[in-house]
Amino acid sequence: MKLIKGGTIVTGKRKFQADIMIEDNKITAIGENLFGADEVIDASGCYVFAGFIDPHTHFELDTGATVSPDDFYHGTKAAIIGGTTTVIDFATAFRGESLKEGLENWHKMSDGKSSCNYAYHMAFTEWNDSLKKEIKDMADAGVTSFKVYMAYDALRTNNEEILDILKETGKVRGLVGCHCEDDKMIKEGVEEQKKLGHNTPAAHPISKPAQAEAKAVKEYLELGKKAGVPVCVVHLSTKLGLEEIRKARAEGQKVFVETCPQYLLFTDEVYSLPNYEGAKYIISPPLRKQEDIDALWEAIENGEVDTIATDQCSFNFEGQKTLGKDDFTKIPGGMPGVENRVELLYTYGVEEGRISLEQFSELCSENVAKQYGMYPQKGAIMVGSDADIVVWDPSVSHVIHQENQHYNTDYTPYEGISVKGQAKHVLLNGELVVENGELILENRGRYVSRKGCF
């Protein structure tokens with residue numbers, strides 16, 4: 001048995017002093033002055049959280065031109081060191097594949113190689129009667145969330161197909177997240193920039209304006225309303241998109257909202273950095289204006305954002321981001337972040353007084369577990385919950401540099417940023433895997449089979 005002693009437990013509702021007893025993979029007791037454990041973990045002066053959950057990662061992503069160097073082995077080591085005990089990655093059935101094949105491919109990439117627990121969304125790249133018949137099989141396998149794209153020819157499904165997907169997945173209480181960008185508007189924007197001879201990273205945000213997100217968000221919400229099911233907008237980046245969500249919610253629609261640290265910290269000015277440095281920040285949707293950052297922080301403070309994810313999808317600067325040296329559309333989109341999500345939100349959310357510790361716990365753990373069918377197995381410090389626990393030391397501070405990161409990537413977009421707080425100790429499935437900020441046990445992650453999302 002293990003005992004976490006002397007810490008302040010923080011949940012979405014309250015914070016309080018108590019000890020936590022753990023046996024095998026379960027929390028068996030919570031109270032004051034507990035004793036009788038074989039191993040005692042000192043949490044004095046620290047906060048104790050349910051393990052943090054990142055609901056949006058892309059490990060070992062194959063773009064067709066290159067592959068993300070952060071696979072499940074490397075990426076989940078970075079995740080667990082940062083305090084993330086569970087990730088939800090995007091298994092994908094590429095065109096011509098069955099959902100079963102897509103799921104099997106992702107298990108091959110992750111099983112036995114992951115240092116944190118992992119679950120999957122299932123991403124569609126097409127829709128047909130054969131795939132429709134597999135939806136229940138996915139739910140039976142513990143995959144109860146799905147993803148659709150409204151842009152990009154290799155990934156996109158049309159609105160009629162999305163409506164049918166929403167209806168079909170709704171039968172198994174499956175939640176569909178959507179990448180909301182208007183495909184036609186983006187194609188026109190890219191064509192216009194190329195005609196003007198604009199091929200640098202600075203053309204990227206211009207070709208994908210805020211209106212492209214807002215238009216797609218509005219269409220997706222209308223489809224969700226027709227289907228009569230809750231929907232999720234992933235990586236929300238704009239004030240205009242947020243306004244569409246507010247309108248839908250005012251009419252009673254259930255909409256889950258996710259955003260990411262990069263949309264809370266950087267403006268599109270980074271795309272004009274010299275020496276092609278702007279390529280490091282090429283992501284989709286792109287980084288936006290300060291007014292968008294301000295609107296998203298306001299929404300977070302007001303409880304209008306449900307989860308903070310990373311959209312982790314890293315590529316090396318040399319040899320991968322440089323593929324688009326002469327054509328910004330060939331720069332692979334994505335950047336690392338799974339190691340930094342929690343410390344960034346703690347620093348610029350909690351320490352800056354924007355959100356409370358309780359809100360922080362909800363955004364990084366509890367809400368995610370509830371939204372994606374894992375609560376109270378995950379995302380909770382309760383008797384009977386899994387012993388995925390983070391002892392967070394608020395007294396630690398450091399500056400992020402690429403050389404002190406654990407990614408398999410040659411840069412960090414957060415280079416030089418000062419952060420406060422550290423995942424001092426991390427327990428995964430009842431085992432102490434991070435001690436004093438260092439990974440001491442790797443490859444201990446397990447697959448998380450999930451229940452229905454609503």
Side-chain angles (χ1 to χ4, degrees), residues 1-54 79-86 115-117 342-343 345-346 350-351 355-370 374-396 420-446 448-449 451:
M1 291 191 295
K2 294 183 180 68
L3 179 63
I4 300 176
K5 195 166 186 64
T8 300
I9 297 172
V10 182
T11 73
K13 300 298 181 189
R14 61 183 182 132
K15 54 182 183 287
F16 59 100
Q17 292 280 136
D19 303 332
I20 302 172
M21 188 71 78
I22 297 160
E23 189 168 0
D24 297 325
N25 178 34
K26 297 294 179 183
I27 296 172
T28 56
I30 301 171
E32 296 181 2
N33 302 315
L34 299 181
F35 61 92
D38 306 308
E39 180 182 350
V40 176
I41 298 165
D42 184 8
S44 300
C46 296
Y47 299 121
V48 181
F49 295 98
F52 301 120
I53 306 168
D54 188 339
I80 197 76
I81 289 169
T84 292
T85 56
T86 302
S115 289
C116 69
N117 293 326
V342 178
E343 62 188 3
L345 188 63
Y346 181 81
V350 177
E351 288 287 324
I355 58 173
S356 67
L357 280 166
E358 292 87 346
Q359 285 175 296
F360 173 75
S361 179
E362 286 180 322
L363 288 162
C364 290
S365 182
E366 187 175 321
N367 285 357
V368 188
K370 288 178 176 178
M374 291 184 280
Y375 188 86
Q377 176 190 3
K378 308 292 184 188
I381 294 184
M382 298 167 55
V383 172
S385 294
D386 288 353
D388 294 348
I389 297 172
V390 175
V391 177
W392 186 262
D393 188 345
S395 70
V396 174
K420 296 181 180 179
Q422 179 195 46
K424 182 177 182 180
H425 305 307
V426 181
L427 284 86
L428 184 75
N429 307 315
E431 286 189 296
L432 184 65
V433 296
V434 173
E435 185 174 26
N436 294 315
E438 298 292 331
L439 183 65
I440 60 172
L441 287 175
E442 62 179 40
N443 302 342
R444 291 298 207 270
R446 302 175 185 172
V448 180
S449 179
K451 302 172 290 187

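Source: prediction; values computed, not measured. For the single chain, residues carry numbers from 1 onward in sequence order.
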Could you measure the distance from the CG atom of Leu427 to the NZ atom of Lys2? Nearest 0.5 Å is fine. 6.5 Å
Measuring from atom NZ of Lys378 to atom OG1 of Thr85, what distance do you get when rounded to the nearest 0.5 angstrom? 6.5 Å
Answer whether the closest heavy-atom distance between the side chains of Glu431 and Leu441 falls below 4.5 Å. yes
Between Ile80 and Leu439, does a side-chain contact (heavy atoms from CB on, under 4.5 Å) hold up when you go through it step by step? CA-CA 8 Å; Ile80 197 76; Leu439 183 65; 3.6 Å; yes
Could you grab the distance from atom CG of Asp393 to atom CD of Gln422, nearest 0.5 Å is fine? 6.5 Å
When rounded to the nearest 0.5 angstrom, what distance separates CH2 in Trp392 from OG in Ser361? 12.5 Å
When every non-hydrogen atom of Met21 is compared with those of Ala37, the smallest separation belongs to SD-CB, 3.9 Å
In terms of heavy-atom contacts, Ala50 and Gly379 come closest through CB-C, 3.5 Å
Between Ala423 and Val390 the two heavy atoms that sit nearest each other are CB-CG1, 4.0 Å
Residues forming a side-chain hydrogen bond (donor to acceptor under 3.5 Å, both in side chains) with Asn117, sequence neighbours excluded: Asp388, Asn429
Do Ile389 and Ile22 have side chains that get closer than 4.5 Å, going by heavy atoms? yes
Would you list the pairs meeting salt bridge (charged side-chain N to carboxylate O under 4.0 Å, His left out) in which at least one residue belongs to residues 19-33, sequence neighbours left out? Lys5-Asp19, Lys26-Asp386
Tightest non-hydrogen contact, residues Ala380 and Ser385, listed as O-CB, 3.5 Å
Measuring only between side-chain heavy atoms, which start at C-beta, is Tyr346 closer than 4.5 Å to Leu357? yes
Show every side chain to side chain donor-acceptor pair (under 3.5 Å) that has at least one partner inside residues 37-49, sequence neighbours left out. Asp42-Ser44
Measuring from Arg14:CZ to Thr8:OG1, what's the distance to the nearest 0.5 Å? 12.0 Å
Worked check of side-chain contact (heavy atoms from CB on, under 4.5 Å) between Ile381 and Val48: CA-CA 9 Å; Ile381 294 184; Val48 181; 4.0 Å; yes
Which residues satisfy the side chain to side chain contact (heavy atoms under 4.5 Å, CB included) test with Ala18, sequence neighbours excluded? Ile9, Phe16, Ile30
Nearest heavy-atom neighbours spanning Pro394 and Gly45: CD-O, 3.4 Å
Strictly by side chain to side chain donor-acceptor pair (under 3.5 Å), give each pair with a member in residues 432-442 just once, sequence neighbours left out. Tyr73-Glu442
Can you tell if the side chain of Phe49 reaches within under 4.5 Å of the side chain of Lys15, non-hydrogen atoms only? no
State whether Glu358 and Lys13 are salt-bridged, where the test is any N-O pair (Lys NZ or Arg NE/NH1/NH2 against Asp/Glu carboxylate O) under 4.0 Å. no
Please assess Cys364 against Leu345 for the test side-chain contact (heavy atoms from CB on, under 4.5 Å), listing each intermediate value before the final yes or no. CA-CA 9 Å; Cys364 290; Leu345 188 63; 3.5 Å; yes
Which distance, rounded to the nearest 0.5 Å, do you find between the OG of Ser365 and the CD1 of Ile53? 4.5 Å
Test your reading of the model: is there a side-chain donor-acceptor pair from Ser115 to the backbone of Asn443, 3.5 Å cut-off? yes
Considering non-hydrogen atoms only, spot the tightest contact between Val391 and Cys46 and give its length. CG1-CB, 3.6 Å
Intermediate values then yes/no, side-chain contact (heavy atoms from CB on, under 4.5 Å), Leu432 and His425: CA-CA 7 Å; Leu432 184 65; His425 305 307; 4.0 Å; yes
Residues in side-chain hydrogen bond (donor to acceptor under 3.5 Å, both in side chains) contact with Arg446, at least two apart in sequence or another chain: none
